[in-house]
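Please read the structure below before turning to the comments.
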Amino acid sequence: MALGDSLSIVNATKYYKKFRAVDNVSMDVNKGEFLTILGPSGSGKTSLLKLIAGFEELSEGSIRLNDQDITKKKAYERNIGMLFQNYALFPHMTVFDNIAYPLRLRKVPKDETKKLVENILRLVHLGEYGSRYPKQLSGGQQQRVALARAIVFNPPILLLDEPLGALDKNLRQQMQLEIKQIQEQVGITTVSVTHDQEEALTMSDRICVMNQGRIEQIDTPEQLYKKPKNRFVAEFIGEINLIPCQIAGFEGNQTNIKLLDQAVASVETDDFHRDLQNRQALIAIRPENIQIASDETRFQNTLKAKLLQTIYVGEAIKLKMKTATEQEILVKVPAYQSNLITYEREMVLGWNGQEATLLQDEA
Ligand code: ADP
Ligand code: MG
C-alpha cells in the first residue's frame, strides 16, 4: 500500500458561538506517524478531529494534506478513514459486505473490491470470517472489522476517536497493540484521540497534550514522561512529586535550588530556566526516581522523610512520606527492596539531578 500522507494544521481555531473549543492549534503529523491527542474531557480533542475530517468548519486557520490546502474541502472530498467509539457495524451485512461498503460507495469494480476486502481481512487476521455476521464475532473481532472498513479504501489519513473506550481493560490493551501493529504494517498516517494516558503512551510515536483547546506539549512518549514542560503535563501523565523550591543560582547546565528546609540541591536544567533566578519554582520528580538511600554518597541530592503509608502494587511498593516541613513525597521502590523500609525513624531519600525537572510555579 501507499506510504502515508502528511498533515499540517496551521493556527486552527474553532468557535461554537462565542466559546473557543480549539484555540490556535498548530501541528504537523509526519508520513506514517501515529500521533495521539491526549487531554481531559472537554479539552477540544474531538473538535480538532472533526476539523481534520471536515465535519466542522474552521473559524480560523488552515489544514494541509501533503502541501495541498484542504481547508475548504467537504468531508467526502477529503476521503479520510475514521473509527469512532460507536463504530456500529451493519448488523444485517456479513463481515465481507461491511468492509466492502465504502468501496461500493466509491464505485470500485466488483473483482477489485473482492481482492481488496480479502487482502484486508487477512491483514486483520480475519481471513476465514468473511461470511459471518457481526453478532457471531467477539468484541475484539468486531473492532478489527471496523478498522478494516475504515482503511480498505486506502485513505490518506486514519482518525480514531476513543475507539477502544467501550472495551474492558484486558481487551483494550490487546487491541491497542493490534491496532498499532496493523497501522505500522499499512503505514497509514494516524491521528488518535484519547483521555487514557496509558493508551497514548502504548500506541503513539508522538503525543500532543491538549488542555482547554490549546496544545500544552507535543513530544515522544518518553520525552513527555521524562521532561514535561509544565505543571499540567507533569500531573496529567503518570504520578509525580512537585516540590516547591527557590532558584539559588546556575553552574553550567546545573541549577542550584533551595528546598523548604533550606537544604540545597542541584537539578539539570535547560537554558530557558535562567530567567527564574531567585524565583519560586517546582522540582518535578517521578516516584520511581526517588530511592531509599542506604548509601547516601550514591546520590547527588538527599532529603529526609517519615513514612505515613505503604501501598503494595505487586512489582513495587509505594511509600507515602512526609518531610519535617510537611512536604508529602511519594516514593516507588521495587518490591525486592522492601528490606530498606524503616517504619520508626526518618528515612534518607536520594535522587539525582538529571532525573528531575524544574518547572515554573504558575499556581
Ligand atoms: P473532548 O473531545 O476533548 O472531550 P470536545 O471537542 O468534544 O472535547 O469539546 C470541547 C468543548 O467544546 C466542550 O466544552 C464542549 O462542550 C464544546 N462543544 C463541542 N461540540 C460543541 C457544539 N457542537 N456546540 C457547542 N459546544 C460544543
Ligand atoms: Mg471527545
Side-chain angles (χ1 to χ4, degrees), residues 7-29 33-63 70-76 78 80-88 143 146-147 150 155 157-169 171-172 175-176 179-180 183 189-219 221 224 228-238:
L7 178 74
S8 284
I9 298 165
V10 188
N11 303 121
T13 293
K14 175 65 186 175
Y15 286 96
Y16 297 113
K17 303 249 171 63
K18 281 191 175 154
F19 179 73
R20 206 183 304 156
V22 175
D23 186 359
N24 197 24
V25 163
S26 295
M27 68 169 133
D28 292 321
V29 190
E33 184 173 38
F34 194 114
L35 183 128
T36 297
I37 300 166
L38 173 67
S41 176
S43 56
K45 307 181 297 294
T46 295
S47 298
L48 183 55
L49 219 58
K50 284 180 176 167
L51 294 173
I52 299 171
F55 293 154
E56 292 282 359
E57 263 181 57
L58 284 161
S59 307
E60 291 159 23
S62 61
I63 298 179
I70 60 164
T71 314
K72 295 273 177 269
K73 281 198 174 176
K74 300 262 183 281
Y76 70 89
R78 299 185 191 192
I80 285 172
M82 273 173 297
L83 184 54
F84 290 170
Q85 184 174 329
N86 305 315
Y87 54 84
Q143 188 85 48
L147 177 63
I157 305 275
L158 174 64
L159 302 179
L160 308 171
D161 192 350
E162 315 249 8
L164 307 177
L167 307 179
D168 66 54
K169 189 168 182 215
L171 184 55
R172 201 162 68 222
M175 287 306 297
Q176 286 166 7
I179 291 179
K180 176 68 181 152
Q183 181 268 339
T189 308
T190 302
V191 181
S192 179
V193 155
T194 186
H195 64 274
D196 178 345
Q197 44 149 317
E198 217 174 275
E199 183 169 311
L201 292 172
T202 306
M203 298 182 80
S204 320
D205 296 310
R206 282 187 306 155
I207 298 172
C208 166
V209 180
M210 271 186 86
N211 178 30
Q212 298 184 334
R214 286 189 297 271
I215 296 181
E216 296 279 358
Q217 185 171 357
I218 304 186
D219 247 317
L224 270 186
K229 285 211 170 108
N230 56 42
R231 185 172 188 156
F232 180 84
V233 176
E235 291 186 310
F236 195 70
I237 296 175

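Order of listing sets the numbers, starting from 1, for every ligand and every atom in it. Residues: numbered from 1 along the sequence shown.
With Arg78 contributing its side chain and Lys73 its backbone, the two residues share a donor-acceptor pair below 3.5 Å. Between the Ser204 side chain and the Phe34 main chain, no donor and acceptor come within less than 3.5 Å of each other. Remark: the backbone N or O of Leu38 is not paired with any side-chain donor or acceptor of Thr194 at under 3.5 angstrom. Side-chain N or O atoms of Lys45 include one that pairs as donor or acceptor with a backbone N or O of Pro40 at under 3.5 Å.
Nearest non-hydrogen protein atom to atom 15 (C) of ligand 1 is Phe19 CE2, 4.8 Å. Protein heavy atom nearest atom 7 (O) of ligand 1, with residue, atom name and distance: Thr46 CB, 3.7 Å. With respect to atom 6 (O) of ligand 1, the closest heavy atom belonging to the protein is Ser47 OG, 2.6 Å. Shortest contact from atom 8 (O) of ligand 1 to any protein heavy atom: Gly44 N, 3.3 Å. For atom 1 (P) of ligand 1, the closest heavy atom belonging to the protein is Gly42 N, 3.5 Å. Among protein heavy atoms, atom 23 (N) of ligand 1 sits closest to Tyr16 CE2, 3.5 Å.
In terms of polar-atom proximity, Glu56 is not counted as a contact of ligand 1, lacking any N or O under 3.5 Å from an N or O of the ligand. Not a single N or O atom of Ala21, backbone or side chain, sits closer than 3.5 Å to an N or O atom of ligand 1.
For the atom pair OG1 of Thr46 and CG of Leu51, the computed distance is 11.0 Å after rounding to the nearest 0.5 Å.
Contact annotation: Ser43 has at least one heavy atom less than 4.0 Å from an atom of ligand 1. The closest approach between any non-hydrogen atom of Pro40 and ligand 1 is below 4.0 Å.
Coordination check, Thr46 versus the Mg ion (ligand 2): passed, since an N/O/S atom of the residue sits under 2.8 Å.
For the 3.5 Å distance criterion, the side chains of Glu216 and Asn230 qualify, holding a donor opposite an acceptor. Side-chain N/O atoms of Asp28 and Ser8 include a donor and acceptor closer than 3.5 Å.
Within 6.0 Å of the CD atom in Glu198, the count of heavy atoms belonging to other residues, nucleotides or ligands does not exceed 12.
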